[in-house]
S.K.: 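Sending over a structure as structure tokens; questions will come in a sec.
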Amino acid sequence: MAEDNAKSFLASFKAWNRELELKTKEGSGARKYAFDKSSKLDVFSMDTPPPYTSGKTWHLGAVAHYSQIDMIARSQRMLGKEVLFPVGMDRNGIPVERYAEKTYGVSMASAGREKFLFMCKTALDDLETSMIKILHDIGYSADFENIYRTDSDEYRAFTQATFIEHWKSKRIYKGKRPSNYCIDCGTTIADAEIEYVDLPSKLVYIKFSLKGGDKSLSIATTRPELLGACRAVMVNPTDERYKDLIGKSVTVPLYGYDIRVIEDESAKPEFGSGVVMICSYGDYNDVLLFKKFGLDEKILIDTSGKMNENAGESLSGLTVKEARKKIVEILKEKGLVEKEVNINHRTPLCDRSKTPIEIIPMDEYFLRTSDKKEVLLEMAKKIDFIPEQHRQILINWINVASDWPISRRRFYGTEIPIWYCKKCGEPYIPPPGKYYKPWKESPPGSAECASCKGKEFIGDERTLDTWMDSSVSALYVTGYGRDEDLSKKTYPVSVRPQGVDIIRTWMYYSMVRCSELTGMSPWKSVWVGGMGLDEHGEKMSKSKGNFVDPVPLINKYGADAFRFWSASEASVGSNFLYSESKVAGSQKFLTKLLNLSRLISSFGEQGYSDIKYDDLMPSDKWIIGELSLLVKDAVSGYSSFNFLVPSNRIRNFVWSVFAPHYVEMVKARAYGNGFSKSQRNAALYTLNYVLNVVLLLTAPICPFITDALWLESHGKEDSVHSHRFPEQMKYEEKYMLGDKIIEFNSMVWGKKKEGGLSLRDNISIDIPDDLKDFSDDLKAMHNIK
RNA sequence: GGGUCCAUGGUCCAGUGGUUACGACGUCCGCUUGACGUGCGGAAGAUCAGGGGUUCGAAUCCCUUUGGGCCCACCA
């Protein structure tokens, strides 16, 4: 072998792997990606999702998602933009608290607030370290020098300052409303935090007696324990069976008081018996009907999830579940149950704890959103949605969303910056800018009650919904209120990348908050990624046993293989299925690239630097034409945040066109057999040129291998990641005969096989007329006589 | 009930009006071929969900049926 590249550290490896990645600059984390405010380039800013530190193993789909977000940043840099690519950690809220409770074996209530906060923080620091490590592992090229944390004093002061702005513009109000209450979490939650699951339930038919007669009426309910909260009975006005009952009274069994029969369209004659009991509160319809008919509420369930004295002696003190069982027993004993039917009932669950929510009147703060529907809809229509189809999810939600309850009865969150006058109860709101903790601090300076001049205050003990923090990330990362210059350059943000699962929450709340504060949409476009599923299209979960931890996978195949898989598998916005064999297949492609690079560098670099296009042979011009088309497709894919097209086009070009056809055609020339020096140089030039362009095009998807191979041929100071994508080069249509060339090569290979010849054996075959330009290379390739 | 998306070889996924439908994984046969057996060459395998329509021409546009996914809604 004339040239031996044994010096290269790459040469000793059989396959591209994790070990090699860690030896690159990208892998060692040596390269920094800070935003340069003074840059003259066009700005591309991103409002990246701060991952939530919940203590759960990071989902493979999420890691793939972040890999793709990184591809957006990297490709935009290579498109010549100055990229603001922030990285944050979302560290507030219930899941963290639950994790701390589990880890330290305490409960939030018993630990004491101060101590509990400390435990949460300790837990969070550990969790954050491991998540940051994963981001580094996958080559995430964000600005790690400036990680933001939603629980930092600075961020919380920011959240509070924006709360105060909303307060001043009268967008926040306090009100007692029947609210979604999660017994397990001990707090009110928003509609967006509810998920509905069909759960098996019993529909109990209870007999109510008609007043003034011995007739009875059967009423079906899934909530018999709320019998004592029943304030009316409802039928549909068109239901002939019950028409004459409307306006009459019935007696509530066991409790013995009388209520009226009312009519409403929402009663469905075909469900149950067609008669519905209206209780405070079994579901949303109850809430609406209590309001509509002005009924007096009677609350049977307290915030600990137990029945109170209103429920009566025999139920009081029992949990909801126990009470349900008990009351059915009692009713049965008295012969008041007509029948029980098993049904699947769509049950509202808290999406954090998965326990059924109860509707309990609670005094909470609300951010008014219901009067902004038109504005938000208008905005939703203008934002560039990628992919378009997910816009509808947002629009649907804007149409149904009601005011946002923002106060939470939890500890680890941003405190509500409000005190109340001890004397008259008037709220006191501090000036924005500082981080306030009303539960343990006095209001700042010489605070005075605006109404009674009182000087003593009691702090509100509640915290804000976590989404109040994360919904202003777009403002925080762009320096809103803190760095006018940066803000001007970067807001509204160029793109908001996020998952389809948090459109109702993060996307919606961000639009509500940011537009309220700035009058603008927070982003020009949103890029909505799909969910990662297992190879059968099922959700991955630990309980199902199909959960795959991405970290060992990355160690086994390398981050580039993982990233390439994620790019080549997921079309924008669609769910994608994980399969290990495909990740392994991606690794094979990288190994192919490594070997190609080895081959090309083994020829050395002598004397082709002055080669011009005109010096090239037809085969060279052909492959440059093919390459030119690849550049066009890849760059246009990157420009629209699509990685499926570039990755598949690149793999196809390298593996099916460049390596088997072009490289084989010019091997003889490259080795210098039977060609002139300048013909050899033309081949060497083209081989290196094509490889370089391929590396540039692959760089956003596979930052490690491209970095390593680029450094091999360009020296230690030149990084592939500091270059731009190449322009599309010109090519001549008359040499664009790829299909013919491939067909001819296959035909020759087939003939040799048929004749039992080795590929090196010579053969006598006519070269077709349209391939005459390529005959020198083709003859050498196939040893044609 | 309303909305929305999807349906392409065994599996997954490109292709959105134009000659024999891209590719990956898998399967089968063969091969030391001066980078790579994690390779190379070859092969089999698709009524592009069913039906109707528009068109010179439909996987692609329209209608409809069926089967799925997702979102929403006051099924007690």
Side-chain angles (χ1 to χ4, degrees), chain A residues 1-2 5 11 14-17 196 201 203-204 219-223 226 233-234 264-268 270-279 282-289 292 343-346 387-397 399-401 500-501 503-504 530-531 533 535-537 557 565 568-571 573-603 644-645 647-649 651-652 655-656 659-660 663-664 667-668 670-671 673 745-746 748-750 752-754 756 758-761:
Chain A
M1 201 184 284
N5 61 350
K14 284 245 177 270
W16 180 258
N17 59 26
Y196 289 87
S201 173
L203 188 60
V204 185
I219 296 179
T221 180
T222 55
R223 302 293 306 266
L226 290 178
V233 157
M234 159 177 83
D264 193 79
E265 305 284 346
S266 63
K268 297 216 168 79
E270 67 279 8
F271 189 92
S273 64
V275 191
V276 191
M277 66 178 203
I278 302 168
C279 310
D283 60 30
Y284 275 117
N285 199 30
D286 286 342
V287 177
L288 297 177
L289 291 167
K292 187 166 169 185
I343 58 163
N344 268 329
H345 181 223
R346 200 158 176 263
E388 176 60 38
Q389 71 205 57
H390 290 325
R391 189 194 305 274
Q392 200 57 38
I393 299 175
L394 175 65
I395 289 176
N396 287 346
W397 187 247
N399 276 319
V400 300
V500 69
D501 54 331
I503 290 179
R504 298 193 310 179
M531 312 305 293
L533 306 171
E535 56 191 319
H536 306 294
Y557 296 102
W565 161 74
S568 60
E569 191 63 23
S571 50
S574 302
N575 294 343
F576 49 96
L577 310 192
Y578 163 74
S579 98
E580 182 169 344
S581 65
K582 290 191 178 182
V583 178
S586 297
Q587 187 195 27
K588 284 187 200 172
F589 170 65
L590 299 178
T591 301
K592 183 83 187 173
L593 202 55
L594 171 65
N595 280 311
L596 252 178
S597 169
R598 271 182 199 160
L599 171 72
I600 292 172
S601 64
S602 77
F603 294 127
L644 186 129
V645 168
S647 55
N648 284 305
R649 277 287 275 124
R651 170 161 53 187
N652 204 253
W655 216 329
S656 306
V663 172
E664 295 302 333
K667 258 186 187 167
Y671 280 110
N673 291 344
N745 289 337
S746 290
V748 178
W749 286 325
K752 286 194 174 178
K753 197 179 161 186
E754 215 174 276
S758 140
L759 292 187
R760 264 189 287 183
D761 290 335

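Proteins get letters first, then strands, A, B, ... in listed order; numbering begins at 1 in each.
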S.K.: Have a look at Lys667(A) and say if it touches a base, only the backbone sugar-phosphate, or nothing, with a 4.0 Å heavy-atom cut-off.
M.R.: base
S.K.: Counting the atoms with a prime plus P, OP1 and OP2 as sugar-phosphate, which does Met277(A) contact under 4.0 Å by heavy atoms, base, sugar-phosphate, or nothing?
M.R.: sugar-phosphate
S.K.: Round to the nearest Å and state the distance from Ile395(A) atom CD1 to C5(B) atom P.
M.R.: 12 Å
S.K.: Can you tell me how far P of C12(B) sits from CZ of Phe576(A), to the nearest Å?
M.R.: 16 Å
S.K.: Check the distance between U4(B)'s C1' and Ile503(A)'s CD1 and give it to me in whole angstrom.
M.R.: 12 Å
S.K.: Nearest-Å distance, CH2 (Trp565(A)) to P (U11(B))?
M.R.: 20 Å
S.K.: Distance check, C1' atoms only: G26(B) and A43(B), in whole angstrom units.
M.R.: 14 Å
S.K.: Among A35(B), G34(B), C75(B), which nucleotide sits nearest the side chain of Phe271(A)?
M.R.: C75(B)
S.K.: Nearest of G41(B), G39(B), G3(B) to any side-chain atom of Lys592(A)?
M.R.: G39(B)
S.K.: Output one line per pair: protein atom, nucleotide atom from nucleotides 21-30 of chain B, and distance, for all N/O pairs under 3.5 Å.
M.R.:
| residue | atom | partner | partner atom | Å |
| --- | --- | --- | --- | --- |
| C25(B) | O2' | Ser581(A) | OG | 3.3 |

S.K.: Of the non-hydrogen atoms in Ser273(A) and Ala220(A), which two are nearest, and what is the gap between them?
M.R.: OG-N, 3.9 Å
S.K.: If you look at every heavy atom in Gly272(A) and Leu203(A), which pair is closest and at what distance?
M.R.: CA-CD2, 4.4 Å
S.K.: Looking only at heavy atoms, what is the nearest atom pair of Lys592(A) and Ala659(A), with distance?
M.R.: CE-CB, 3.9 Å
S.K.: Under 4.0 Å, counting only non-hydrogen atoms across every strand here, what does Thr591(A) touch: a base, just sugar-phosphate, or nothing?
M.R.: base
S.K.: Mind checking whether Trp655(A) and Phe589(A) have parallel, tilted or perpendicular rings, split at 30° and 60°?
M.R.: tilted
S.K.: Rounded to the nearest angstrom, tell me the gap between atom CG in Asn399(A) and atom P in C74(B).
M.R.: 13 Å
S.K.: Report yes or no: do Arg598(A) and Asn595(A) form a side-chain donor-acceptor pair below 3.5 Å?
M.R.: yes
S.K.: Between the main-chain N or O of Leu289(A) and the side-chain N or O of Asp286(A), is there a donor-acceptor pair closer than 3.5 Å?
M.R.: no
S.K.: Quote, to the nearest angstrom, the P distance that separates G9(B) from G51(B).
M.R.: 16 Å
S.K.: What interatomic distance, in whole Å, is found between P of U8(B) and the corresponding atom of A49(B)?
M.R.: 6 Å
S.K.: Looking only at side-chain N and O atoms, does Ser758(A) come under 4.0 Å of OP1 or OP2 in U33(B)?
M.R.: yes
S.K.: Distance from Tyr557(A) atom OH to Lys582(A) atom NZ, nearest 0.5 Å?
M.R.: 14.0 Å
S.K.: By the 4.0 Å heavy-atom rule, please label Glu265(A) as base, sugar-phosphate, or nothing.
M.R.: nothing
S.K.: Are the side chain of Thr591(A) and the backbone N or O of Trp16(A) linked by a donor-acceptor pair below 3.5 Å?
M.R.: yes
S.K.: Look at the side-chain N and O atoms of Tyr578(A) and state whether any lies under 4.0 Å from the OP1 or OP2 oxygen of U11(B).
M.R.: no
S.K.: Would you measure the distance from the P atom in A44(B) across to the matching atom in C29(B) and give it in whole Å?
M.R.: 15 Å
S.K.: Does Met531(A) offer a backbone N or O that forms a donor-acceptor pair with the side chain of Asn575(A) under 3.5 Å?
M.R.: yes
S.K.: As an exercise, state the distance from CG of Asn344(A) to OG of Ser201(A), rounded to the nearest 0.5 Å.
M.R.: 9.0 Å
S.K.: Rounding to an integer number of angstrom, what distance separates G10(B) and A73(B) when you compare their P atoms?
M.R.: 40 Å
S.K.: Of the nucleotides C36(B), U38(B), C74(B), which one has an atom closest to the side chain of Lys14(A)?
M.R.: U38(B)
S.K.: Could you tell me how far apart Leu533(A) (CG) and C12(B) (P) are, to the nearest whole angstrom?
M.R.: 12 Å
S.K.: What is the distance, rounded to the nearest whole Å, between atom CG of Leu599(A) and atom C1' of A35(B)?
M.R.: 5 Å
S.K.: So what's the dot-bracket for RNA chain B: Watson-Crick or G-U pairs under 3.5 Å, [ ] if a pair crosses, | if it pairs off-strand?
M.R.: ((((((((.[[[..)..(....]]].(((((.......))))).....[[[[[..)....]]]]])))))))....
S.K.: For Gly530(A), answer base if it contacts any base atom (sugar-phosphate contacts may also be present), sugar-phosphate if it contacts only those atoms, and nothing otherwise; contact means non-hydrogen atoms under 4.0 Å.
M.R.: nothing
S.K.: Closer than 3.5 angstrom, by distance alone: can the side chain of Ser597(A) be matched with the main-chain N or O of Leu593(A) as a donor-acceptor pair?
M.R.: no
S.K.: Which part of the nucleic acid does Leu577(A) contact within heavy-atom distance under 4.0 Å: base, sugar-phosphate only, or nothing?
M.R.: sugar-phosphate
S.K.: Here's a test of your reading of the structure: between Gly272(A) and Gly750(A), which maps to the more 5' nucleotide of RNA chain B?
M.R.: Gly750(A)
S.K.: So what does Ser571(A) hit on the nucleic acid, given a heavy-atom distance under 4.0 Å: a base, only sugar-phosphate, or nothing?
M.R.: sugar-phosphate
S.K.: Does the C75(B) base have a donor-acceptor partner in the side chain of Lys268(A) within less than 3.5 Å?
M.R.: no
S.K.: Considering only A35(B), A14(B), G34(B), which nucleotide approaches the side chain of Leu644(A) most closely?
M.R.: A14(B)
S.K.: What's the CH2-P distance between Trp397(A) and G3(B), to the nearest Å?
M.R.: 19 Å
S.K.: Counting only side-chain heavy atoms from C-beta out, which of G41(B), C74(B), G2(B) sits nearest to Pro660(A)?
M.R.: G41(B)
S.K.: Roughly how far, to the nearest 0.5 Å, is CE of Met234(A) from CD of Glu265(A)?
M.R.: 10.5 Å
S.K.: For Asn673(A), which contact category applies under a 4.0 Å heavy-atom criterion: base, sugar-phosphate, or nothing?
M.R.: base
S.K.: Is Tyr671(A) stacked against the base of G34(B), taking the criterion as centroid distance under 5.5 angstrom and interplanar angle under 30°?
M.R.: yes
